[in-house]
Amino acid sequence: MNFSSLNISLSASGNQRDTFTTAVTKNVIITALCISINYINGTLVHTFRKHQIFNSNPRYILFIHLVTNDMMQLLLSTLLHIISYALHTINVSFCIILLIITILTTLNTPLNLAGMAVECYIAVCIPLRYAQICTVKKTYILIGVIWVVSSFSILPDLFILLATEPPQFFHSRQFCARDFVFRSTYSLKKRDASHIVCLTFVWLILFYTYFRILFAARGATLDIKKARNTILLHGLQLLLCMLTYVRPMFEKGLLYILPSQYLAVRFACYVIVQILPRFVSPVVYGLRDQTFRKYVRRYLLCKVSIRNHPENISNMRLTLKLP
C-alpha cells in the first residue's frame, strides 16, 4: 500500500466513530481478551520464577522473555486501543513513548523466535557442545542484543521526527497511531525495508534449523520429533507476527469487499493481528512441555496442592497452635 492510500485509511479511522454501545462492547471484548491472555502468561512467569529448574535453563529463559514481551505488547496495544475510543487524541510526546515501547516489543518477537530455534537446533544437532554454547549468561546477552537490534529499527524514525517536526507538534494532540506520528515518507520506506530484512533473516534461520533437525530425525527419537514440531510452531508464530506487517494490505482487501464496514474491519484486523498471536506462546511451552505443564497446573487455577508442598502442612499446624 502506498503512502497516500495509507493516509486515506488513517483519515477514515480518525473521522469515523462507533456508537457508544458498540464502542463499549468492543472495548470490553478487547479488555477481557487482554486480561485472560495476560493471566495465563503471568502464571507462566510466576512458575518460571518459583522453580530453579526453569530459571537456570536457557530454553525457558528465552521462552519467558517471549512471554513477558508479549504481555507488554498486548497491554500497551490494548491501552492504545482504549485511548483511541475514550480520548481519541492524546499528547504527542506521551503517544511517542507508548508507540516506541509497543513497536520495540513487536519487533522483538520474531528475533526471539529465531533465538529459540537456534537453541533447539544446538540441543538436537550439537548436544555435546550445548552446555558450552548455551549458558545462562550468553542467553541474557542474546536478549540484550535482541532489544538493541529492535531499537536500531525505530530510533532512526524518532531522530527524523525530532529533526523535521516543529516543537509545537510535540505539545499538540493527535490520534495515537504510528502513521499519524511518524509520518515521514522516508520513515515509511525505511520501515518496510527493515521489516523485509528482519523477516527474511528469521525465516532463513527457521528453515535452516528445521531441515537440520529433520535430517537428524532419521533415527527419530521422541525428543527429536518434538524439537521438529516446536520449530514448526515457531514458524506458525512467525506467520502470525507477519500479519502486523501486512495489516494495511489486509485491511485494504477487506475494505474492497466490505467498503461500508470500515470500523468493523478495523476491529477484526486488530483482534487477528494483535490479540491472536499472543495466545500462541503459552501453547508452545505452557501446554506442550511436560515439565512446565506439571508445575504450571499448580498455579493456573490458584490452587497449590498441599501434597506437593509439605511445608504448607507444618505452617498450617503452627497457625492452629497459636492462640
Centroid separation Phe180 to Phe175 less than 6.0 Å = yes
Counting N and O atoms only, with roles assigned by atom type, does the side chain of [X] sit under 3.5 Å from a partner on the main chain of [Y], one being a donor and the other an acceptor?
{"X": "Asn27", "Y": "Ala23", "answer": "yes"}
{"X": "Lys26", "Y": "Tyr85", "answer": "no"}
{"X": "Thr78", "Y": "Cys34", "answer": "no"}
{"X": "Asn55", "Y": "Phe48", "answer": "yes"}
{"X": "Ser153", "Y": "Ser150", "answer": "no"}
{"X": "Thr209", "Y": "Leu206", "answer": "yes"}
{"X": "Tyr121", "Y": "Tyr208", "answer": "no"}
{"X": "Arg173", "Y": "Thr89", "answer": "yes"}
{"X": "Ser187", "Y": "Arg183", "answer": "no"}

Rounded distance (nearest 0.5 Å) linking atom [atom1] of [X] with atom [atom2] of [Y]:
{"X": "Asp70", "Y": "Ser77", "atom1": "CG", "atom2": "OG", "value": "10.0 Å"}
{"X": "Thr139", "Y": "Ile61", "atom1": "OG1", "atom2": "CD1", "value": "5.0 Å"}
{"X": "Leu128", "Y": "Ile133", "atom1": "CG", "atom2": "CD1", "value": "10.5 Å"}
{"X": "Tyr60", "Y": "Leu66", "atom1": "OH", "atom2": "CG", "value": "14.5 Å"}
{"X": "Leu79", "Y": "Ile30", "atom1": "CG", "atom2": "CD1", "value": "13.0 Å"}
{"X": "Arg178", "Y": "Leu80", "atom1": "CZ", "atom2": "CG", "value": "12.5 Å"}

task = Answer yes if the side chains of Thr19 and Thr22 hold a donor-acceptor pair under 3.5 Å, and no otherwise.
result = yes
query = Do you see a donor-acceptor pair shorter than 3.5 Å between the side chains of Asn91 and His171?
reply = no
Is there a side-chain contact between [X] and [Y] (heavy atoms, below 4.5 Å)?
{"X": "Met72", "Y": "Ile101", "answer": "yes"}
{"X": "Ser172", "Y": "Gln174", "answer": "yes"}
{"X": "Val45", "Y": "Met71", "answer": "yes"}

task = Determine, stepwise, if the pair Asn69 / Thr105 fulfils side chain to side chain donor-acceptor pair (under 3.5 Å).
result = CA-CA 6 Å; Asn69 185 80; Thr105 53; 4.9 Å; no
key: Test log, rule side chain to side chain donor-acceptor pair (under 3.5 Å), inputs Gln73 and Thr106   = CA-CA 7 Å; Gln73 201 278 341; Thr106 301; 3.2 Å; yes
task = Give a yes or no on whether Phe169 atom CZ has more than 12 heavy-atom contacts from other residues, nucleotides or ligands under 6.0 Å away.
result = yes
task = Classify the ring geometry between Phe267 and His81 as parallel (under 30°), tilted (30 to 60°) or perpendicular (over 60°).
result = tilted
